[in-house]
Amino acid sequence: MPNDLVSGHHDGPLDEASARALVDQGLELRLVASTDAPGFEHWSRAVARGFLEGEPTQIQLDASAERSTRRRMVGVVDPAAPEAEQPVATFASWVAELSIPGGRGIPSVAISSVTVAPTHHRRGILRSMMEGELRRADALGVPVAVLTVSESTIYGRFGFAAAAMSGHLTIDVRRAQWTGPRPEGRVDFISRERFRELAPELHERVRLATPGEIEMPEGHWDRIAGTRPDAEHPERLRAVRYADASGVDRGVALYAYRENHDDFARSTVRVDRLVAETPDAYAALWRFLLELDLVGQLTATEVAVPEPVLWMIADRRAAKVWVGDHQWVRILDVPAALQARRYASPGAVALEVTDALGFAEGRWILRVGESGAGSVELWEGEAVPEGIPAVRLGVTELSAAYLGSVSVATLASAGRVQSTDAAAAARIFSWYEPARLSFYY
Ligand SMILES: CC(C)(COP(=O)(O)OP(=O)(O)OC[C@H]1O[C@@H](n2cnc3c(N)ncnc32)[C@H](O)[C@@H]1OP(=O)(O)O)[C@@H](O)C(=O)NCCC(=O)NCCS
């Protein structure tokens with residue numbers, strides 16, 4: 001990721017229009033540094049309160065400060081409140097590479113820790129922070145913003161759309177029966193610390209192949225592996241690694257058991273992470289998990305839709321899949337975003353994009369060549385160029401289709417886009433690898 005983008009985002013000034021809008025309400029917008037211990041502590045306490053957590057302990061605060069050095073943190077304070085230093089609203093973001101179709105990445109602003117205290121909610125504070133921070137990202141030239149959400153009703157109005165889904169898998173392992181490959185390499189137990197060493201390298205090697213993934217934020221691997229002092233019940237986690245026939249580490253998995261006291265032979269295993277660099281590693285790790293002794297049920301969240309393991313078991317009805325929205329995307333710069341991804345089939349489409357916040361509003365023609373690369377030019381004049389399908393859509397719908405996880409034809413059937421030839425437009429935007437994000441941030 002270019003350093004000037006990372007530091008330009010982290011150290012950039014506050015948005016003046018947002019600050020003014022908040023001043024009009026008697027509030028003050030501030031930047032919070034992770035090195036400002038009291039300021040960061042107040043900010044973190046506000047985040048914990050916003051997400052219905054208890055008061056954080058000192059160990060949790062220290063851990064959180066360590067993993068926040070690259071985050072741009074914004075707080076809103078109310079000078080008239082009795083505890084005026086405790087923000088009434090929080091917002092964090094950082095620059096991260098988003099994986100997009102074609103094994104490529106695009107700079108994005110990832111947003112997290114969004115809270116507004118219930119004493120101050122529904123008076124436009126989130127709107128002020130979001131619009132201001134999106135303006136900052138746009139001014140810096142970051143073409144896309146991303147976030148994961150607590151509620152799916154909040155962010156559509158700001159142009160975000162669920163662009164990568166997440167599957168929640170429950171498998172009755174007694175019924176499943178492994179029918180997939182049985183690779184030659186070996187699966188061995190490793191310590192959580194060794195998992196913590198191997199998993200980031202593997203994630204880095206595979207993440208660009210899956211649209212929707214982003215670089216893992218700082219501190220997340222420690223949280224997942226339970227290798228920090230603030231970890232809750234790390235002792236429940238077990239880790240394994242797969243090494244191929246020549247001894248090279250190709251995959252890791254991390255899981256936890258939950259005992260079934262009524263029937264010990266029907267305990268549950270929860271898969272927290274599975275990172276596989278090769279099809280063999282994928283098959284070997286899933287087979288290991290599905291053949292664990294004393295287990296009746298396996299659960300895994302944030303899996304792909306569809307997840308290949310469903311094609312590696314004899315009894316498809318042993319598996320239940322619940323699908324939810326997961327990686328939300330908001331395009332800020334249409335030409336940059338469309339030129340960065342690759343396309344599965346050649347063609348051209350004329351796009352008329354509306355955007356209530358203005359960033360992505362405009363008319364363009366996307367032309368895709370035989371190589372799958374796309375070029376974008378302005379669509380000038382009223383008429384649709386001869387032989388090119390036209391699509392009229394909002395930035396939310398364009399963002400939804402960007403990673404290829406929902407077809408433009410589906411959006412047309414839902415009345416969310418208007419097109420002279422939705423099937424042709426759908427062919428251009430489709431992608432063969434399901435979009436997926438394998439963690440929350
Ligand atoms: C969600 C939250 C940040 C909203 O903050 P807020 O300051 O009340 O939001 P605003 O007043 O700026 O509202 C902006 C718009 O979003 C809408 N909105 C706000 N919260 C919403 C919610 N939970 N569901 C649906 N719409 C919501 C408002 O109605 C308003 O709509 P409009 O501008 O179209 O009229 C706040 O309620 C909160 O902290 N919730 C708990 C923590 C949380 O879930 N954070 C989000 C993490 S992803």
Side-chain angles (χ1 to χ4, degrees), residues 1-3 5-6 9 67 70-71 93-112 142-148 162-167 169 195-225 239 241-242 244 248-254 271-283 285-286 300-309 325-331 336-337 340-342 344 372 399 402-405 431-441:
M1 195 53 44
N3 274 341
L5 267 194
V6 173
H9 175 72
R67 55 173 182 255
R70 277 183 259 152
R71 302 206 306 166
S93 59
W94 62 97
V95 175
E97 192 173 54
L98 169 71
S99 306
I100 54 177
R104 308 163 70 82
I106 191 172
S108 69
V109 161
I111 296 169
S112 180
V142 184
V144 171
V146 293
L147 44 75
T148 55
M165 297 296 155
S166 132
L169 203 57
F195 170 91
R196 169 71 185 81
E197 284 167 13
L198 288 175
E201 295 167 21
L202 287 161
H203 179 75
E204 271 309 291
R205 293 210 286 270
V206 301
R207 71 178 163 82
L208 286 178
T210 306
E213 292 282 9
I214 58 166
E215 287 169 275
M216 189 65 84
E218 61 182 331
H220 263 49
W221 282 117
D222 281 315
R223 184 175 62 72
I224 291 165
R241 74 98 166 82
Y242 171 79
D244 66 17
V248 180
D249 295 325
R250 296 293 188 191
V252 286
L254 188 77
V271 182
D272 284 352
R273 291 294 303 172
L274 190 150
V275 191
E277 190 185 3
T278 60
D280 275 1
Y282 181 88
L285 291 168
W286 270 111
T301 55
E302 288 91 49
V303 302
V305 184
E307 181 69 37
V309 72
D325 56 278
H326 192 33
Q327 175 74 288
W328 288 63
V329 170
R330 202 270 187 229
I331 293 177
R341 67 160 277 191
R342 290 295 176 261
S399 300
Y402 181 54
L403 302 178
S405 72
W431 192 247
Y432 53 82
E433 182 77 30
R436 173 207 183 188
L437 170 68
S438 56
F439 58 94
Y440 269 95
Y441 56 90

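Here, residue 1 is the first one in the sequence, and each next residue gets the next number.
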Query raised in the report: Between Leu208 and Glu97, is a side-chain contact (heavy atoms from CB on, under 4.5 Å) present by the stated rule, with each step listed?
Result: CA-CA 9 Å; Leu208 286 178; Glu97 192 173 54; 3.8 Å; yes
Query - Stepwise side-chain contact (heavy atoms from CB on, under 4.5 Å) check, Val144 with Ile100 - result: CA-CA 11 Å; Val144 171; Ile100 54 177; over 6 Å; no
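A donor-acceptor pair is defined here as one N or O able to donate and one able to accept, closer than 3.5 Å; such a pair exists between the side chain of Ser405 and the backbone of Ala163. Although no hydrogens or angles enter the test, the distance criterion places no donor-acceptor pair under 3.5 Å between the side chain of Glu204 and the main chain of Glu201. In this structure, the side chain of Tyr402 does not engage the main chain of Ile331 through any donor-acceptor pair within 3.5 Å. Checking side-chain atoms of Ser108 against main-chain N and O of Ala96 turns up a donor-acceptor pair under 3.5 Å. Looking only at distances, no side-chain donor or acceptor of Tyr282 sits under 3.5 Å from a matching main-chain atom of Gly251. In this structure, His220 contributes its side chain and Arg67 its backbone to no donor-acceptor pair below 3.5 Å.
In this structure, Glu197 CD and Phe195 CZ are separated by 11.5 Å, a value rounded to the nearest 0.5 Å. Taking CG of Leu198 as the start and OH of Tyr242 as the end, the distance is 14.5 Å to the nearest 0.5 Å. With rounding to the nearest 0.5 angstrom, the CZ atom of Arg330 is 10.0 Å from the CD1 atom of Ile111. In this structure, CD1 in Ile106 is found 9.5 Å from CE in Met1, a value given to the nearest 0.5 Å. Atom CZ of Arg341 sits about 13.0 Å away from atom OG of Ser99, to the nearest 0.5 Å. Here the CG-CZ distance, from Leu285 to Arg250, works out to 13.0 Å after rounding to the nearest 0.5 Å.
Val146 places none of its side-chain heavy atoms less than 4.5 Å from the side chain of Val109. Proximity of Ile224 to Met216: side-chain heavy atoms (C-beta onward) are separated by under 4.5 Å at one or more points. At least one side-chain heavy atom of Glu433 sits under 4.5 Å from a side-chain heavy atom of Pro211. By the 4.5 Å heavy-atom criterion applied to side chains, Phe439 and Glu213 are counted as neighbours. Here the side chains of Trp94 and Ser112 are in contact, with some heavy-atom distance below 4.5 Å. For the pair Val142 and Leu5, the minimum side-chain heavy-atom distance is below 4.5 Å. The closest side-chain heavy-atom distance from Arg436 to Val305 is not below 4.5 Å. Two residues are said to be in side-chain contact when any heavy atoms from C-beta on lie closer than 4.5 Å; Asp244 and Thr278 fail this criterion.
Asp249 and Arg241 get closest at one heavy-atom pair: OD1-NE, 2.7 Å. Scanning all heavy atoms of the two residues, the minimum distance from Gly212 to Leu403 falls at CA-CD1, 3.7 Å. Nearest heavy-atom pair, Ser438 versus Arg273, reported as atom, atom and distance to 0.1 Å: O-NH1, 2.7 Å. Taking every heavy atom of both residues into account, Met165 and His326 meet most closely at C-CB, 4.1 Å.
A donor-acceptor pair shorter than 3.5 Å can be found between the side chains of Gln327 and Tyr441.
Around CZ of Arg70, the count of heavy atoms belonging to other residues, nucleotides or ligands within 6.0 Å does not exceed 12.
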